[in-house]
Amino acid sequence: QVQLVESGGGSVQSGGSLRLSCAASAFTFSSYSMAWFRQVSGKEREGVAAIDADGSTRYAGSVQGRFSISRDSAENTLYLQMNSLKPEDTAMYYCAADSRRFAWWSVFLPSKYGYWGQGTQVTVSS
C-alpha cells in the first residue's frame with residue numbers, strides 16, 4: 001500500500017526557513033511524479049512545486065526563487081526547502097505522488113495525483 005508521510009512543519013518567523021520531508025513507501029519512488037501542495041482552510045488546494053522522474057522541476061510563481069523541491073531516490077524521500085518564508089506561506093502542506101508523467105501545464109492539478117500524505121502544518125508569523 002502506497003504511503004506518504006510528511007514531516008518538518010512548524011512555526012517560524014517571517015524570513016525564516018523550514019525543510020519539509022515526505023517519506024514514501026510501497027512504490028517505485030524514483031519513477032513517480034511528485035509534488036508539494038498547500039491548503040488554507042476554506043480555500044482550494046494549490047500546487048507549490050513539482051518534480052518528475054527525470055528531476056525536472058516546476059514552481060508556482062509565488063514561491064519561485066524561495067522554495068526548492070528535490071528527491072532522494074536512495075532514501076525514498078521528497079523534500080521541500082523553504083526559505084524567506086512569508087506569512088502568506090502559512091498553510092497545511094501535502095505531499096502527492098502519481099505513477100504517470102504529466103504535461104507541465106497540469107502538474108499543479110490536484111486531481112492528477114492518486115496518492116496523498118496526511119499533511120504537515122507550516123505557520124509563519126510576521
Side-chain angles (χ1 to χ4, degrees):
Q1 181 176 344
V2 172
Q3 189 171 19
L4 300 171
V5 180
E6 300 97 333
S7 61
S11 296
V12 64
Q13 289 193 327
S14 182
S17 298
L18 284 172
R19 188 172 84 153
L20 305 184
S21 299
C22 172
S25 60
F27 66 96
T28 309
F29 176 80
S30 61
S31 66
Y32 271 53
S33 297
M34 305 291 297
W36 288 98
F37 287 76
R38 65 187 181 188
Q39 188 170 23
V40 176
S41 181
K43 295 188 176 181
E44 292 188 355
R45 192 166 295 190
E46 65 168 347
V48 174
I51 185 168
D52 69 13
D54 295 333
S56 297
T57 58
R58 191 168 181 88
Y59 297 92
S62 59
V63 306
Q64 182 78 46
R66 299 188 298 122
F67 290 12
S68 178
I69 187 172
S70 61
R71 64 196 300 166
D72 185 335
S73 294
E75 297 293 330
N76 281 3
T77 303
L78 180 73
Y79 299 101
L80 184 67
Q81 178 67 45
M82 304 186 295
N83 299 326
S84 302
L85 282 161
K86 305 175 181 180
E88 51 264 44
D89 295 318
T90 295
M92 184 71 80
Y93 283 72
Y94 296 91
C95 170
D98 200 275
S99 60
R100 299 168 294 174
R101 182 168 182 169
F102 308 127
W104 281 117
W105 61 266
S106 67
V107 295
F108 291 147
L109 295 176
S111 60
K112 289 289 187 179
Y113 294 85
Y115 304 102
W116 293 84
Q118 82 291 345
T120 186
Q121 178 67 37
V122 171
T123 302
V124 184
S125 57
S126 57

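The figures that follow rest on heavy atoms only: side chains count, while hydrogens, waters and symmetry mates do not. The residues of the chain are indexed from 1 along the displayed sequence. A quick note: this is a predicted structure, and the numbers were derived from the prediction, not measured.
With contacts defined as side-chain heavy-atom distances shorter than 4.5 Å, the pair R66/Y59 does not qualify. A 4.5 Å side-chain heavy-atom check between Y94 and E6 finds at least one atom pair inside the cut-off. Considering only heavy atoms from C-beta on, W36 comes within 4.5 Å of C95 through its side chain. Side chains of F102 and R58 form no contact here, defined as non-hydrogen atoms less than 4.5 Å apart. You'll find the side chain of F27 stays beyond 4.5 Å of the side chain of N76, heavy atoms only.
Residue pairs meeting the side chain to side chain donor-acceptor pair (under 3.5 Å) criterion with at least one partner in residues 97-114, sequence neighbours excluded, are D52-R101, D54-R101, D98-R100. Identified under the side chain to side chain donor-acceptor pair (under 3.5 Å) test for residues 7-32, with sequence neighbours left out: S17-N83.
Under the 4.5 Å side-chain contact rule for hydrophobic residues, V12 and L80 share a cluster. Under a hydrophobic clustering in which Ile, Leu, Val, Met, Phe, Trp and Tyr are joined whenever their side-chain heavy atoms come within less than 4.5 Å, directly or via other members, I69 and V48 fall into the same cluster. Taken together through direct or relayed side-chain contacts under 4.5 Å among Ile, Leu, Val, Met, Phe, Trp and Tyr, L78 and V63 form part of one hydrophobic cluster. Hydrophobic clustering of Ile, Leu, Val, Met, Phe, Trp and Tyr side chains at less than 4.5 Å, counting indirect connections, unites F37 with M92.
Summarising the geometry of T120 relative to G9, their closest heavy-atom pair is OG1-N, 3.1 Å, with the distance given to 0.1 Å. Residue L4 comes nearest to A24 through the heavy atom pair CD2-CB, 3.8 Å, listed as atom of the first residue, atom of the second, then distance. Nearest heavy atoms, S70 versus I51: CA-CD1, 4.1 Å. Nearest approach of Q121 to T90, heavy atoms of both residues: NE2-CG2, 4.0 Å. The nearest pair of heavy atoms linking S73 to F29 is CA-CD2, 3.8 Å.
We find the NZ-OG distance between K86 and S125 to be 15.5 Å, quoted to the nearest 0.5 Å. Between F67 atom CZ and R38 atom CZ the span is 5.5 Å, to the nearest 0.5 Å. Atoms CZ and OG, from R71 and S33 in turn, are 7.5 Å apart once rounded to the nearest 0.5 Å. The distance from the OG1 atom of T123 to the CG atom of D89 is 11.0 Å, given to the nearest 0.5 Å.
Surrounding OH of Y115 are at most 12 heavy atoms belonging to other residues, nucleotides or ligands under 6.0 Å away.
Applying the side-chain contact (heavy atoms from CB on, under 4.5 Å) criterion to V122, with sequence neighbours excluded, gives L18, L20, M82, Y93, V124.
The backbone N or O of S68 sits nowhere less than 3.5 Å from a side-chain atom of Q81 that would complete a donor-acceptor pair.
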